[in-house]
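To start, the structure itself, in structure tokens.
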Amino acid sequence: MLRYVLLLVVLALTVGPFLWQLSTSLKGPHEDIFSSPPKFLPGQPTLDNYARVADTIPVWDYALNSLKVAAANVVTNCVGASLAGYALARMRFRGRRAATLAFILAMLVPVEGIIIAQFTTMRDLGLNNTLIAVLLPGSIGAMNVLLMRNAFLNLPYEVEEAAYVDGANAWQRYLRIALPAVKGTLAVVAIFAFMGAWDDFLWPLIVLSDPDRFTLTIGLNYLHGTFANDERLVAAGTVIAVAPLIVLFACLQRYFFRGVGEGAVKG
């Protein structure tokens, strides 16, 4: 019984704030959102707050910019991390352990510690104030590489050995045998890559200066400055930003939970 009570408490702490934001975004202009005791359900539900968000800022343009970066980030991470993970797990070459250690150490470096170096690199490449500059630093994540490595390590060697005897080269073994067997981990990498790019605020804020190229997280910040006292607009903008993540996870959840297990046995 105590276990279920703890689970309900954790559920309330994690899902409760989002449900409260959703409720606030649906409340009309004459409802008191700071009443005591607070009213969870809106008395007169309305979608006008979402229309007002679109009238206040070009939210759909910002969302499109974020979608471009997030989609590209998913592709680069799935391709790059799977290739690197396969090489670290299945191929024998000098410096393989050192390369694995380098990816592990890369996870220990805080983003704030290298953000100046990233900015100067983008400036030297002439990419500042572009969506490519937003994409590049996170195009292949160290954690995603290690996830793919662990997933490939869990595959039985006998299957690949049989393919090798039949004349399959490394690319054929990767594409036709190894990659189809780790679809779950690929889904995990895709979700993490999309969430990381979609939710990123600090790096786009630093590297972008043209409002036409702002991502959604930066654009929504204008709602705080323009309508500091209207929490309904802020809540509506938050729901708009979170909705694509919910849809993505709903579509990939069956692969996600299978993928967590694929890379959880070996380190």
Side-chain angles (χ1 to χ4, degrees), residues 50 53-85 102-103 105-148 186-227 233-234 236-249 251-252:
Y50 293 92
V53 170
D55 293 337
T56 305
I57 60 174
V59 63
W60 306 120
D61 294 337
Y62 295 154
L64 180 60
N65 291 336
S66 290
L67 183 61
K68 291 177 182 178
V69 175
N73 203 42
V74 169
V75 173
T76 56
N77 271 278
C78 287
V79 174
S82 62
L83 287 171
F103 281 108
L105 294 177
M107 296 177 57
L108 304 179
V109 179
V111 176
E112 294 79 6
I114 60 175
I115 204 164
I116 296 178
Q118 290 179 355
F119 179 81
T120 56
T121 301
M122 295 302 136
R123 184 190 60 190
D124 294 340
L125 294 174
L127 296 177
N128 273 359
N129 196 30
T130 65
L131 294 180
I132 296 178
V134 179
L135 167 68
L136 281 180
S139 56
I140 300 179
M143 183 181 68
N144 295 331
V145 172
L146 295 177
L147 283 174
M148 295 304 304
L186 275 177
V188 174
V189 171
I191 291 175
F192 285 169
F194 191 94
M195 290 179 59
W198 186 269
D199 290 338
D200 193 14
F201 175 77
L202 180 60
W203 175 240
L205 179 66
I206 291 174
V207 79
L208 296 177
S209 57
D210 186 356
D212 292 336
R213 295 187 176 94
F214 282 174
T215 57
L216 186 59
T217 51
I218 303 176
L220 290 178
N221 195 46
Y222 284 99
L223 294 176
H224 292 274
T226 306
F227 289 92
L233 289 187
V234 177
T238 302
V239 173
I240 292 174
V242 173
L245 300 179
I246 298 176
V247 173
L248 178 69
F249 184 80
C251 295
L252 298 179

Here the gap from Ile115 atom CD1 to Ile206 atom CD1, rounded to the nearest 0.5 Å, amounts to 3.5 Å
So side chain to side chain donor-acceptor pair (under 3.5 Å) across residues 132-141, not counting sequence neighbours, yields none
CA sep, side-chain torsions, deciding dist, call: Met148, Leu186, side-chain contact (heavy atoms from CB on, under 4.5 Å): CA-CA 8 Å; Met148 295 304 304; Leu186 275 177; 4.0 Å; yes
| task | Assess whether side-chain contact (heavy atoms from CB on, under 4.5 Å) is satisfied between Trp198 and Thr215, documenting all intermediate values. | result | CA-CA 8 Å; Trp198 186 269; Thr215 57; over 6 Å; no
Residue pairs meeting side chain to side chain donor-acceptor pair (under 3.5 Å), one or both in residues 111-127, sequence neighbours left out, come to none
Item to check | Exceeds 12 heavy-atom contacts within 6.0 angstrom, atom CG of Leu108 | outcome: yes
In this structure, CD1 of Ile218 is separated from CG of Asn221 (nearest 0.5 Å) by 8.5 Å
side-chain contact (heavy atoms from CB on, under 4.5 Å) with Phe194: of Asp199, Val69, Val189, Leu67, only one passes, and it is Leu67
Would the distance check show the side chain of Thr217 and the main-chain N or O of Asp200 forming a donor-acceptor pair, the cut-off being under 3.5 Å? yes
The reported gap from CG in Leu135 to NZ in Lys68 (rounded to nearest 0.5 angstrom) is 13.0 Å
Does any non-hydrogen side-chain atom of Asn128 lie less than 4.5 Å from one of Phe119? yes
### Task
Applying side-chain contact (heavy atoms from CB on, under 4.5 Å), run through Val239 and Tyr50 and close with a yes or a no.
CA-CA 9 Å; Val239 173; Tyr50 293 92; 3.5 Å; yes
When you compare the side chain of Tyr222 with that of Val59, does any pair of heavy atoms fall below 4.5 Å? no
side-chain hydrogen bond (donor to acceptor under 3.5 Å, both in side chains) filter on Asn73, not counting sequence neighbours, yields Asn77
With sequence neighbours left out, the residues meeting side-chain hydrogen bond (donor to acceptor under 3.5 Å, both in side chains) with Asp210 are Arg213
Heavy-atom nearest pair, Ala241 first then Leu220, reads CB-CD1, 3.7 Å
Give a yes or no on whether the backbone of Ala133 and the side-chain of Trp203 come within a donor-acceptor separation of less than 3.5 Å.
-> yes
Of all heavy-atom pairs linking Ala197 and Ala70, the shortest is CB-CA, 3.7 Å
Output for pair (Leu208 CG, Thr130 OG1), nearest 0.5 Å, gives 7.5 Å
**Prompt:** Checking side-chain contact (heavy atoms from CB on, under 4.5 Å) for the pair Ile240/Trp60: CA distance, chi angles, key distance, verdict?
**Reply:** CA-CA 10 Å; Ile240 292 174; Trp60 306 120; 4.2 Å; yes
| message | If we ignore hydrogens and angles and just use 3.5 Å, is the side chain of Asn65 paired with the main-chain N or O of Asp212 as donor and acceptor? | response | yes
Hits for side-chain contact (heavy atoms from CB on, under 4.5 Å) against Ile140, two or more places apart or cross-chain, chain-then-number order -> Val145
query = Hey, is CG on Leu127 packed in by over 12 heavy atoms from elsewhere, all under 6.0 Å?
reply = yes
ring-ring contact (aromatic ring centres under 6.0 Å, His included) filter on Tyr62, not counting sequence neighbours, yields none
